[in-house]
Amino acid sequence: MLTFDLDAETMWTGRDPANAKRPILMSQGAYGWKVGMPRVLALLDRFGIKATFFIPGEVAERQPALVREVIDKGHEVAHHSYSHRWIVSLSPEEEREEMRKGMEVLTALTGCRPRGWRSPAAEFSSITLDLIKEYGFDYSSNFFDDDSPYLLEIGGQRTDIVELPFRWVLDDAPFFQYSIVLPGRTLQAPSAVLEAWKSEFDVLYAEDRMMMVGMHPEIIGQPSRIKVLEGLIKHALAHEGVWIDRCDKISDDMRPRLKAQAAASAQ
């Protein structure tokens, strides 16, 4: 699965709302929707690949035409909070409001409720899992504890919510994100990232597992970096039996088998 977190300006304002007054910081986020997204969408079109875009509600409100373009091209729009504020800094009431507002905005713009959820900055609180269940999500892509999908347990009970885990090595930010105000100042050679991702693919393919790649249009959509994604796609498609698709479609395909496995193991 190729997934894209369209954080745009909220990558900076989610950490500190005062950053909205720093136009050069904001321009780094704007690159995502102005330049990165057209580049990413064109590449996916060229290979006929459908992907999932996790979009904060605030970004969707500001860029409704872009959200509609994503939908019109057959991609999935999933929930990525409202303002991208870090969950560990929120009260339970604030976290619930982030979930509610993001859900309402994305539902209104896309015409259907988002089926998947990814947290801002890979953080959970003590109530996050309960909110995922309460808001009726069909899948989550948050945890780092496996290379295969599984069904979430919430409150000691197995659910039908499919977890699609990923890891930092399969995220573009640790390799490429450079900012004077955010953690990490890394500018690695695109060739090194492609080597890492191809190596990840090779092992996961040999083990017959899934591969969840998390990217940001403001990062992967830059000229030298889009070549990394292109190279990964070409490498994957050179192998037999590889399915690249939206998270909702793949999780729907996996869920019956995961439920059957869970039922068999319970006997």
Side-chain angles (χ1 to χ4, degrees), residues 3-41 52-71 77-110 114 117-125 127-128 131 141-142 168 171-188 214-226:
T3 64
F4 302 88
D5 297 357
L6 182 56
D7 300 341
E9 292 91 342
T10 66
M11 181 176 284
W12 285 265
T13 57
R15 170 64 74 88
D16 183 357
N19 283 333
K21 299 178 181 179
R22 303 173 69 171
I24 293 179
L25 281 182
M26 294 299 94
S27 72
Q28 295 173 57
Y31 189 96
W33 57 264
K34 289 179 69 175
V35 183
M37 278 293 289
R39 207 169 264 151
V40 166
L41 290 172
T52 294
F53 290 80
F54 291 91
I55 305 180
E58 189 174 292
V59 176
E61 283 181 324
R62 294 174 180 171
Q63 307 299 332
L66 183 56
V67 174
R68 287 192 291 270
E69 182 181 5
V70 170
I71 294 294
V77 170
H79 199 316
H80 194 41
S81 82
Y82 176 75
S83 69
H84 206 263
R85 294 172 66 192
W86 285 29
I87 284 176
V88 292
S89 68
L90 302 179
S91 69
E93 293 76 20
E94 289 172 327
E95 183 178 354
R96 179 178 293 277
E97 183 69 359
E98 285 280 313
M99 186 73 82
R100 182 192 66 79
K101 289 178 68 176
M103 178 67 77
E104 289 181 356
V105 169
L106 294 177
T107 300
L109 286 174
T110 65
W117 188 79
R118 177 175 285 168
S119 69
E123 293 284 2
F124 269 27
S125 76
I127 69 166
T128 305
L131 287 176
S141 181
N142 292 286
W168 285 127
D171 190 296
D172 58 0
F175 295 104
F176 289 139
Q177 180 166 287
Y178 186 94
S179 172
I180 63 173
V181 299
L182 296 180
R185 296 185 180 185
T186 305
L187 290 173
Q188 293 199 26
M215 295 164 282
H216 303 77
E218 60 267 29
I219 296 176
I220 201 68
Q222 297 189 29
S224 60
R225 299 164 181 181
I226 199 72

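Hydrogens, waters and symmetry mates are skipped; everything else that's a heavy atom, side chains included, is used.
Every residue two or more places apart in sequence or in another chain was checked for a salt bridge (Lys or Arg N to Asp or Glu O under 4.0 Å) with E61, and none qualifies. Among residues two or more places apart in sequence or in another chain, the salt bridge (Lys or Arg N to Asp or Glu O under 4.0 Å) test is passed with E69 by none. Applying the side chain to side chain contact (heavy atoms under 4.5 Å, CB included) rule to I71 yields the partners V77, T110; only residues at least two apart in sequence or on another chain are considered. Checked against ring-ring contact (aromatic ring centres under 6.0 Å, His included), F53 has the following partners two or more places apart in sequence or in another chain: F4, H75. Contacts of S83 classified as side chain to side chain contact (heavy atoms under 4.5 Å, CB included), with partners at least two apart in sequence or in another chain: E58, R85, E98. Take R68 and apply the salt bridge (Lys or Arg N to Asp or Glu O under 4.0 Å) test, not counting sequence neighbours, and it matches no residue. Residues passing the salt bridge (Lys or Arg N to Asp or Glu O under 4.0 Å) test with E123: none are found, sequence neighbours excluded. For the side chain to side chain contact (heavy atoms under 4.5 Å, CB included) test, residues two or more places apart in sequence or in another chain that qualify with E104 are R100. Scanning for side chain to side chain contact (heavy atoms under 4.5 Å, CB included) contacts around P174 gives W168, D171, with sequence neighbours left out.
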Below 3.5 Å, can you tabulate the donor-acceptor pairs from side chains in residues 215-223 to any protein atom, sequence neighbours excluded?
from : atom 1 : to   : atom 2 : distance (Å)
H216 : ND1    : D172 : OD1    : 2.7
E218 : OE2    : A8   : N      : 3.4
Q222 : NE2    : E218 : O      : 2.9

Without placing hydrogens or testing angles, list every side-chain donor-acceptor pair under 3.5 Å for residues 25-37, not counting sequence neighbours.
from : atom 1 : to  : atom 2 : distance (Å)
S27  : OG     : I24 : O      : 2.6
Y31  : OH     : R39 : NH1    : 3.0
W33  : NE1    : E9  : OE1    : 3.4
W33  : NE1    : E9  : OE2    : 3.0

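Taking every heavy atom of both residues into account, V105 and G57 meet most closely at CG1-O, 3.4 Å. The two atoms that bring W117 and P120 nearest to each other are CZ2-CD, 4.3 Å, heavy atoms only. Residues L106 and A78 share a closest heavy-atom pair of CD1-O, 3.6 Å. Nearest approach of T107 to P114, heavy atoms of both residues: OG1-CD, 3.5 Å.
Residue R118 forms a side-chain hydrogen bond (donor to acceptor under 3.5 Å, both in side chains) with just one option from T52, N142, T3, and that option is T3.
A distance of 6.0 Å separates CZ in R225 from CG in L187, rounded to the nearest 0.5 Å. One distance of note links OG1 of T128 with CG of L131; it measures 6.5 Å at 0.5 Å rounding. Separation of atoms OG1 (T10) and NE2 (H80) is listed at 7.0 Å; rounding is to 0.5 Å. Rounding to the nearest 0.5 Å places CG of D7 at 8.0 Å from OG of S81. Note that NE2 of H84 is 8.0 Å distant from OG of S119, once rounded to the nearest 0.5 Å.
The salt bridge (Lys or Arg N to Asp or Glu O under 4.0 Å) analysis of residues 20-30, with sequence neighbours excluded, yields no pairs.
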The test is side-chain contact (heavy atoms from CB on, under 4.5 Å); show your working for L66 and L6 and say whether it passes.
CA-CA 11 Å; L66 183 56; L6 182 56; 3.9 Å; yes
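S125 is not listed as a side-chain neighbour of V88, based on a closest heavy-atom distance of 4.5 Å or more.
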